[in-house]
Protein chains: 2
Amino acid sequence: MRSYGEFCSIAKALDVVGDRWTLLIVRELLIRGGCRYTDLKEGLPGIATNLLSERLRDLESAGLIRREEAPPPVATTLFHLTETGAELEPVLEAFFRWGIRYMVDAPETDEFRAHWFAFPVRSLRDNDPDGPPVSIELRAASSPVVVEVADGKTSMRLGSVAEPDAILCGQPRLILGMFAGLITADEAVALGLDVSGDAGALQRILPEPVTSA
Amino acid sequence: MRSYGEFCSIAKALDVVGDRWTLLIVRELLIRGGCRYTDLKEGLPGIATNLLSERLRDLESAGLIRREEAPPPVATTLFHLTETGAELEPVLEAFFRWGIRYMVDAPETDEFRAHWFAFPVRSLRDNDPDGPPVSIELRAASSPVVVEVADGKTSMRLGSVAEPDAILCGQPRLILGMFAGLITADEAVALGLDVSGDAGALQRILPEPVTSA
DNA sequence: CGGCATCCTCTTTGATACTG
DNA sequence: CAGTATCAAAGAGGATGCCG
């Protein structure tokens, strides 16, 4: 990207990560850690392969990512964030919060990937920090993810779990709407969300509903 | 900007403000408040006038800015941020912090505007919250700005003041380097910064030097 | 299959000139 | 002052080909 040529920290930051797709590549690597080229491509629906390759080169020479030749059984290149790259997290967090308002009217045709639950999940609070650990499986995309709540903290990981306390199955927008406090669990169920298992586990992480004053 | 088509809050945010120049226009309006078209153009060196006009139209229809026909004596259009637009401040703040690292090696040819001191100044802490109010004038660009320290808070405004406690005159990089704790006041003076008035007023706001451990 | 490079078309940007 | 109009150059998007 052509430099703005401004002696301003914000402009300098945009010189480095202001290009189209760049921050979304950082998002992928922040959420998933080391990624193969094809993992990145799969997590960035719509990116042209030459652009991904070019951005990765740019990010590497800017010192934001690092290439690692993984030994067998992986036996391929893994892309990682460097310290500098990982320090973009507050930027993405700020974008995440600001962008929530645009999720409500998002078109049905938008793509979704299960690991994108990571930012919403991380912003959840545990309503009962002294309660027992619970795990909730989310099935809203091709692959499931597990929300784990323990010691007052919430985290998310890809994959499944043997016996989750609850399973949510339905459209991402319903689950995210609940997480954002825009709809209650009852409303989500009425709109088609399937909740099985212990509904109490779900209440553990749901925020106070946003009441339009 | 073409939508990423991803049901992800970060991607949605970038759909709205991911275009080149857009966040810098928001920066200008955040720092300066209501601006005329020519003020914006002056604060965004390098922007083409058709791009500025197009971005302003886009930002207006996205609900981030608002046009106001100011009555005489101004008698012209003023651009303001809406609430939604102003809520981008945490995003710019995060970019500001992350981008500081690139200021050290910035080319000498970079443009500078006095009001860009706003973000650095706002991140300063008052080392003596119970001390008397002090004002420090910064002369590093065409027009001076005043840093005001009172009640434990620091703020900046454009313009001059009758009798500032201290006056800093020199390259922006020296002043910003001091503010960021990268160099001490003594080092800045050795490198060409001119400090007149009460040096103690300056110590009021300078952070602990960053010692490379 | 993973990790690109090439080619082509279409859109966006930047620079400059001009206008009510 | 606050933009529009014009046009060359750069970048994005999509398809496909290549190579270990």
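To find a chain, count down the sequence lines: A is the first, B the second, and so on, and within it residues start at 1. Source: prediction; values computed, not measured.
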Practice problem: Quick one: label A/S53 by what it contacts on the DNA or RNA (base, sugar-phosphate, nothing), any heavy atom closer than 4.0 Å. | Solution: sugar-phosphate
Quiz prompt | Contact under 4.0 Å: A/R55 side-chain N or O vs D/dG11 OP1/OP2 | solution = no
Quiz item: Within the structure, does a side-chain N or O atom of B/W21 lie under 4.0 Å from either OP1 or OP2 of C/dT13?
Solution: no
Exercise. Would you mind telling me which residue lines up with the more 5' stretch of DNA chain D, B/R2 or A/M1, judged by nearest nucleotide?
Key: A/M1
Practice problem: Take atom CZ of A/R36 and atom C1' of C/dC1, then tell me their distance rounded to the nearest Å. | Solution: 9 Å
Exercise. Decide, yes or no, whether a salt bridge links B/E69 with B/R67 under the criterion of side-chain N to carboxylate O below 4.0 Å.
Key: no
Quiz item: Where the side chain of B/F79 is concerned, which of C/dT13, D/dG3, C/dC4 is the nearest nucleotide?
Solution: D/dG3
Quiz item: To the nearest angstrom, how far is B/K41 atom NZ from C/dA15 atom C1'?
Solution: 10 Å
Practice problem: Can you tell me the distance, in whole Å, between the CG atom of A/L59 and the P atom of C/dC4? | Solution: 13 Å
Self-check item: Polar pair under 3.5 Å, donor/acceptor by atom type, side chain A/N50, base D/dG14
Solution: yes
Quiz item: With a 4.0 Å cut-off on heavy atoms, is A/T49 in touch with a base, just the backbone sugar-phosphate, or nothing at all?
Solution: base
Self-check item: Residue met sooner reading DNA chain D from 5', once B/E54 and A/I47 are mapped to nucleotides
Solution: B/E54
Quiz prompt | Nearest-Å distance for atom pair CG/P, residues A/L24 and D/dA12 | solution = 13 Å
Exercise. Report the distance from atom CG of A/D58 to atom P of D/dG11, rounded to the nearest whole Å.
Key: 10 Å
Quiz item: Quick one: is A/T38 getting a side-chain N or O under 4.0 Å of the C/dG3 phosphate, OP1 or OP2?
Solution: yes
Self-check item: Spacing between B/L51 atom CG and C/dG14 atom P, to the nearest angstrom
Solution: 6 Å
Quiz prompt | B/Y4 six-ring centre to A/R20 NZ/CZ under 6.0 Å and within 45° of normal | solution = yes
Quiz item: Taking the six-membered ring for Trp, are A/F95 and B/F95 parallel (under 30°), tilted (30 to 60°) or perpendicular (over 60°)?
Solution: perpendicular
Exercise. Can you tell me the distance, in whole Å, between the CG atom of A/L44 and the P atom of D/dA12?
Key: 14 Å
Quiz item: Between A/R57 and B/R20, who's closer to the 5' end of DNA chain C by nearest nucleotide?
Solution: A/R57
Quiz item: Rounded to the nearest Å, what distance is computed from the CG atom of residue B/L52 to the C1' atom of nucleotide D/dC1?
Solution: 13 Å
Self-check item: Closest listed nucleotide, where the reference is the side chain of A/Y37 and the choices are C/dG14, C/dG3, C/dA5
Solution: C/dG3
Quiz item: From the list C/dG14, C/dG3, D/dG3, which nucleotide is the closest neighbour of the side chain of B/R67?
Solution: D/dG3
Quiz item: Any luck finding a side-chain donor-acceptor pair between B/S3 and B/D15 under 3.5 Å?
Solution: yes
Quiz prompt | Aromatic contact, A/F7 with B/Y102 (centres under 6.0 Å) | solution = no
